[in-house]
Amino acid sequence: MPELPEVETVRIQLFLRLKGKTIDSVKIHHDKSVRGDRRFATALKGLRIDDIDRVGKLLIFSFEGKNDLFLLVHLKMTGQLFLIDKSGSRQAAGGHETKHDSTLPNRHTRVEFDLKDGTKLCFNDQRIFGYLKLTDKKGLAAAKDRFGPEPHQGALDFDYFFSRLQKSGRNLKAMLLDQTFVAGLGNIYVDESLFRAGLAPTRAARSLTAAEAKRLLREAAKVLKEAIRHGGTTFQSFKDSTGKKGNYTGKLKVFARQGLPCPRCGHIILKSKVAGRGTHYCPQCQK
DNA sequence: CTTCTTGTTACTGA
DNA sequence: ATCAGTAACAAGAA
């Protein structure tokens, strides 16, 4: 389940390999992945990739000489972007590997891009919740508007953060998962941020002191930056160790560590449901 | 066989 | 309006 650090990792890898390259053809293996857009393939044919941007967990491709056409890619939970060079070897992976995607394209490949230089880009998505969508300037602005500021690059103003928390009648877990409030955190990094800040996920947002809110914002920013630096977190099957993993996985302090001792105090980490999501926390360290 | 999982949106009812 | 809860989406694991 890619969150901001995973999407950012993919963005950088793709940008380095794809900038300036021209799309030769697009094969759509599953209509739903492009939301039934019949013009998708023809609209992209012949375009040269200029930039790859990101807002929250959404990737935004732009093209040379086209200022009113953008490709939005959302990976949702199981979406992956894989690059294969002309020799057939995988150059960059966006997501974990599973036993099914040793070769590409494979049965989870929903959309396939062939570039003029022989590079191939595969959009794989086991559960087909992710999407690729073409939009114009207006649609892009509307999409961007749906995201709040990101915590990790100084763009998030503390006064905004604190006043929104104070006005909210929700708990911290629900607030931090809300992409319109703060963009980029998902289930993993919300739990990790709350643990590091020593705050319980069920804590009422409006009950935070300014010092606690400062701590939360600082820890969220730190977690995201560290995870980006480590190439993201791969959380998939605990059993399959053959898959390629993001290096942040081993750094997780509470996520998926239920039943294990808290790295700080040794109390057993619990898992329960908060705001509808599986939530991991230390009942002793987080108040 | 059933149940659960996940990110996000849409909907319902309080 | 605001929030909690839940269904939906799809596929697979347990």
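Each chain gets a letter, A, B and so on, in the order its sequence line appears, and its residues count up from 1. The analysis underlying the following values was restricted to heavy atoms, covering all of them including side chains, and did not include hydrogens, waters or symmetry mates.
A:Lys45 places no side-chain N or O within donor-acceptor distance of the main-chain N or O of A:Phe40, the cut-off being under 3.5 Å.
Minimum heavy-atom separation, A:Val254 to A:His280: O-CB, 3.3 Å.
Rounding to whole angstrom units, CD1 of residue A:Ile128 and C1' of C:dA8 are separated by 15 Å. Rounded to whole angstrom, the span from the CE atom of A:Met175 across to the P atom of C:dC3 amounts to 8 Å. Between A:Arg146 atom CZ and B:dG7 atom C1' the separation is 14 Å, expressed in whole Å. A:Lys76 places its NZ atom 19 Å from the P atom of C:dG12, with the value rounded to the nearest Å. A straight line from CG of A:Leu72 to P of B:dT8 spans 14 Å, rounded to a whole angstrom. Atom CZ of A:Arg107 is separated from atom C1' of C:dA11 by 9 Å (rounded to the nearest Å). Put simply, CG on A:Asn124 is 13 Å from P on C:dG12, counting in whole angstrom units. Rounded to an integer number of Å, the gap from A:Asp178 CG to B:dT8 C1' is 11 Å.
Residue A:Phe129 has its side chain nearest to B:dG7 when only B:dT5, C:dC3, B:dG7 are considered. Nearest nucleotide to the side chain of A:Gln126, out of C:dA4, C:dG12, B:dT8: C:dG12. For A:Lys273, the listed nucleotide lying nearest its side chain is B:dT5; candidates were C:dG12, B:dT5, C:dA4.
Heavy-atom distances to DNA chain C give each of A:Gly276 and A:Arg206 a nearest nucleotide, and the one nearer the 5′ end belongs to A:Arg206.
Contact check, A:His74 against B:dG7: no side-chain N or O comes under 4.0 Å of OP1 or OP2. For A:His108, a side-chain nitrogen or oxygen approaches OP1 or OP2 of C:dG12 to under 4.0 Å. Residue A:Gln179 places at least one side-chain N or O closer than 4.0 Å to OP1 or OP2 of B:dT8.
If you check every strand for non-hydrogen atoms under 4.0 Å, A:Gly186 touches nothing. Across all strands, A:Gly278 comes closer than 4.0 Å only to sugar-phosphate atoms, never to a base (heavy-atom distances). Note on A:Asp125: nothing from the nucleic acid sits closer than 4.0 angstrom, heavy atoms only.
Aromatic ring pairs are classed by plane angle as parallel below 30°, tilted from 30° to 60° and perpendicular above 60°; the pair A:Tyr131 and A:His74 is tilted.
The same ILVMFWY cluster, assembled from side-chain heavy atoms under 4.5 Å apart, contains both A:Leu156 and A:Leu177.
On a pure distance criterion of 3.5 Å, a polar donor-acceptor pair joins the side chain of A:Arg127 and the base of B:dT6.
In this structure, A:Lys120 pairs ionically with A:Glu112, as a charged nitrogen and a carboxylate oxygen lie closer than 4.0 Å.
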